[in-house]
J.: 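Take a look at this one; I'll ask things after.
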Amino acid sequence: MTYRFLPLLLLFFMSFAPKTTTTTTTVTDPTLIASATASNLAAKIELVYNSLDANNYALPQINCFKKAMEGFFVLRQKGIIQKDILTVIDFSLSSTKKRLWVIDLASNTILYNTVVSHGMNSGGEFANNFSNAPSSNKSSLGFYATAETYNGKHGLSLKLDGLENGINSNARARAVVMHGASYANPSILKSQGFLGRSQGCPAIPDAVKNEIIQTIKGKSCLFIYHPSRSYEITSKLVV
């Protein structure tokens, strides 16, 4: 699938492009420049958020979306991701909630919104503990690049490359992938009160796995959020 920039996303990127001028440059306090840049970025992200076509789905929380877009911008500029598709998982929410969104930033449209499992050792109804360690059976937070698909024990599955050192950089070695699973189907909520849990993979309902995986595969951005984590993505990028 080929994506093209529509005005809002194009404006978002162009606003950070170098500008040329023929006037004399004045030396300015770098802290003021950084503050102004951050303020400009926040304004652009809020514009994109407020312009989203929800497509009859709930919007992600604004704080989660802002963090996702900040990282998306960095990764897109570096060429680490190549598609204008953003997948957001908000692990501050109960597993009973639809806490995964797939957003087409070229058309400002939410394509999918569904439930998603967290690792069995990350918590019960809520995910509160995270790890990058092998055999931890915990979810890992942060930014990922989607990679290639394969057919495994869960059928069509999607490999993920963790992009942050010490946070999710062992994702491929841990076989943390996106796949469908019966324990991730919403019907299980009636019997146990929360979604089934994985060994660390973001597992999704079987009914939507093929569509979602085919949409986001091949170097799109996936972000797993939890408010307990505060970080600067540029300091932890795996490059």
Side-chain angles (χ1 to χ4, degrees), residues 54-61 63-65 68 85-103 110-144 146-147 149-160 162 167-168 170-172 174-217 220-229:
N55 201 16
N56 295 318
Y57 297 122
L59 292 176
Q61 297 184 92
N63 289 340
C64 171
F65 184 77
I85 294 288
L86 173 64
T87 303
V88 179
I89 297 174
D90 185 353
F91 276 161
S92 73
L93 299 177
S94 162
S95 65
T96 65
K97 304 297 183 183
K98 294 182 178 180
R99 54 185 181 168
L100 178 149
W101 289 262
V102 178
I103 305 169
I110 296 177
L111 303 178
Y112 302 97
N113 177 210
T114 188
V115 295
V116 59
S117 294
H118 56 254
M120 62 181 68
N121 288 337
S122 284
E125 178 182 346
F126 288 88
N128 296 302
N129 296 289
F130 308 97
S131 177
N132 190 39
S135 303
S136 65
N137 289 338
K138 295 182 179 181
S139 298
S140 299
L141 300 176
F143 288 90
Y144 298 77
T146 63
T149 61
Y150 69 99
N151 282 290
K153 66 179 181 178
H154 295 289
L156 183 67
S157 303
L158 176 65
K159 293 189 177 182
L160 303 172
I167 304 299
N168 58 24
N170 289 331
R172 188 171 280 257
R174 291 178 60 202
V176 172
V177 302
M178 179 176 284
H179 61 77
S182 58
Y183 60 76
N185 292 329
S187 58
I188 202 170
L189 297 173
K190 297 178 182 177
S191 60
Q192 67 179 36
F194 56 88
L195 205 64
R197 294 162 297 166
S198 68
Q199 293 181 312
C201 298
I204 57 177
D206 285 313
V208 294
K209 73 171 183 183
N210 286 355
E211 292 178 41
I212 289 179
I213 287 173
Q214 293 291 359
T215 298
I216 72 173
K217 69 180 181 180
S220 73
C221 179
L222 183 149
F223 175 59
I224 302 179
Y225 169 82
H226 192 272
S228 63
R229 170 135 186 254

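Position 1 is the first residue of the sequence; numbering continues from there.
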J.: Quick check: closest heavy atoms across A171 and G162, and the distance to 0.1 Å?
T.: CB-N, 3.8 Å
J.: How many angstroms lie between CD in Q61 and CG in L93, if you round to the nearest 0.5 Å?
T.: 5.0 Å
J.: Between CE of M178 and CG of L222, what distance do you get to the nearest 0.5 Å?
T.: 5.0 Å
J.: Taking all non-hydrogen atoms of both residues, which atom of A58 and which atom of W101 are closest, and how far apart?
T.: O-NE1, 2.7 Å
J.: List the atom of S198, the atom of S117, and the distance in Å for their closest heavy-atom pair.
T.: N-CB, 4.4 Å
J.: Might you point out which heavy atoms bring C64 and F223 nearest each other, and give the distance in Å?
T.: O-CE2, 3.9 Å
J.: Can you list the steps and then say if F65 with I103 is a side-chain contact (heavy atoms from CB on, under 4.5 Å)?
T.: CA-CA 10 Å; F65 184 77; I103 305 169; 3.9 Å; yes
J.: Looking only at non-hydrogen atoms, find the nearest pair between V176 and C201 and report the distance.
T.: CA-SG, 3.9 Å
J.: Hey, what do you get for CD1 (I212) to CG (N113), rounding to the nearest 0.5 Å?
T.: 9.0 Å
J.: Taking atom NZ of K98 and atom OH of Y57, what is their separation to the nearest 0.5 Å?
T.: 7.0 Å
J.: With a 4.5 Å heavy-atom cut-off, do Y112 and I204 have their side chains touching?
T.: no
J.: Would you call I167 and F143 a side-chain contact if the rule is heavy atoms closer than 4.5 Å?
T.: no
J.: If only atom types and distance count, is the side chain of S220 paired as donor or acceptor with the main-chain N or O of T146 below 3.5 Å?
T.: no
J.: Does the side chain of N137 reach to within under 4.5 Å of the side chain of R197, using non-hydrogen atoms?
T.: no
J.: Find out whether P227 and N63 are in side-chain contact, i.e. whether some heavy atom of one side chain is under 4.5 Å from a heavy atom of the other.
T.: no
J.: Check for a donor-acceptor pair, side chain of N168 on one end and backbone N or O of L141 on the other, with a separation under 3.5 Å.
T.: yes
J.: Could you tell me whether the side chain of I85 reaches within less than 4.5 Å of the side chain of L111, counting heavy atoms only?
T.: yes
J.: Is there a side-chain contact between P202 and L100 in this structure, where contact means two heavy atoms from C-beta onward sitting under 4.5 Å apart?
T.: no
J.: Return the minimal non-hydrogen interatomic distance between V88 and A68, and the atom names on each side.
T.: CG2-CB, 3.8 Å
J.: Kindly compute the distance separating CD (E211) from OG1 (T114), expressed to the nearest 0.5 Å.
T.: 10.5 Å
J.: Looking at H118 and G123, would you say the former's side chain and the latter's main chain have a donor-acceptor pair under 3.5 Å?
T.: yes
J.: Kindly say whether H226 contributes a backbone atom to a donor-acceptor pair with the side chain of D90 at under 3.5 angstrom?
T.: no
J.: Would you find a donor on one side and an acceptor on the other, under 3.5 Å apart, between the side chain of S157 and the backbone of G155?
T.: yes
J.: Does anything in residues 121-136 pair up under side chain to side chain donor-acceptor pair (under 3.5 Å), and if so which pairs, sequence neighbours excluded?
T.: S94-E125, N132-S169, S136-R174
J.: How many angstroms lie between OH in Y225 and CD1 in I89, if you round to the nearest 0.5 Å?
T.: 14.0 Å
J.: Do V177 and H154 come close enough that some side-chain heavy atom pair is under 4.5 Å?
T.: no
J.: Could you check whether any side-chain heavy atom of H179 comes within less than 4.5 Å of a side-chain heavy atom of K209, counting everything from C-beta outward?
T.: no
